[in-house]
Amino acid sequence: RKGKFEYEVWVRAVNVPDGVTLEVKRDNAGAKPNGGGGPNALSGGTTFLAINDSRTSFFTGDEERINIAISFRLKNISVVQPIENQNYQILFEVNFR
């Protein structure tokens, strides 16, 4: 969609082992596709949020945005755990209001 509208971004994690915590946060407000910033275009999501397999509200917005930086953090994982591949999935969903 282009222009001004309201939306909410939801997030959830899939395949995270018991005891491991996966967190996400939004690092900036991104930019408008035609250039420029606008710090008030997005709301919420600027502190780390623990996510699991339940859908959780991440942030809301009211303008078209691109290049929104997101940080991820893992907790309770150790180099002494058994060697194996770990496959975590993070799913983002955008709902327009």
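Quick note: numbers below take in every heavy atom, side chains included, and nothing from hydrogens, waters or symmetry partners.
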Output side-chain donor-acceptor pairs under 3.5 Å for residues 13-22, partner residues at least two apart or in another chain, one line each.
none

Using atom types as modelled, flag every donor-acceptor pair under 3.5 Å from a side chain in residues 68-75 to any protein atom, sequence neighbours excluded.
from: Ser71; atom 1: OG; to: Asp27; atom 2: OD1; distance (Å): 3.2
from: Ser71; atom 1: OG; to: Asp27; atom 2: OD2; distance (Å): 2.4
from: Arg73; atom 1: NE; to: Glu23; atom 2: OE1; distance (Å): 2.6
from: Arg73; atom 1: NH2; to: Glu23; atom 2: OE1; distance (Å): 2.8

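Hydrophobic clustering places Val94 together with Leu42 (ILVMFWY residues linked when any side-chain heavy atoms are closer than 4.5 Å, directly or through intermediates). Hydrophobic cluster membership differs between Phe96 and Leu91, with clusters built from Ile, Leu, Val, Met, Phe, Trp and Tyr side chains linked at under 4.5 angstrom. The same ILVMFWY cluster, assembled from side-chain heavy atoms under 4.5 Å apart, contains both Ile90 and Ile77. With hydrophobic clusters built from ILVMFWY side chains whose heavy atoms lie under 4.5 angstrom apart, Phe48 does not share a cluster with Val11.
Looking at every heavy atom in both residues, Asp62 comes nearest to Tyr7 through N-CE2, 3.8 Å. When all heavy atoms of Arg65 and Gly30 are compared, the pair lying nearest together is NH2-O, 3.3 Å.
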Dump the intermediate steps for side chain to side chain contact (heavy atoms under 4.5 Å, CB included) on Thr47 and Lys25, then the final yes or no.
CA-CA 5 Å; Thr47 59; Lys25 78 172 183 134; 5.8 Å; no
If you apply the rule side chain to side chain contact (heavy atoms under 4.5 Å, CB included), what do you find for Thr60 with Arg97, and how did you get there?
CA-CA 10 Å; Thr60 61; Arg97 298 181 192 176; 3.0 Å; yes
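Note that the CD atom of Glu8 and the CZ atom of Phe58 stand 12.0 Å from one another [nearest 0.5 Å]. Taking CD1 of Ile51 as the start and CZ of Arg12 as the end, the distance is 10.0 Å to the nearest 0.5 Å.
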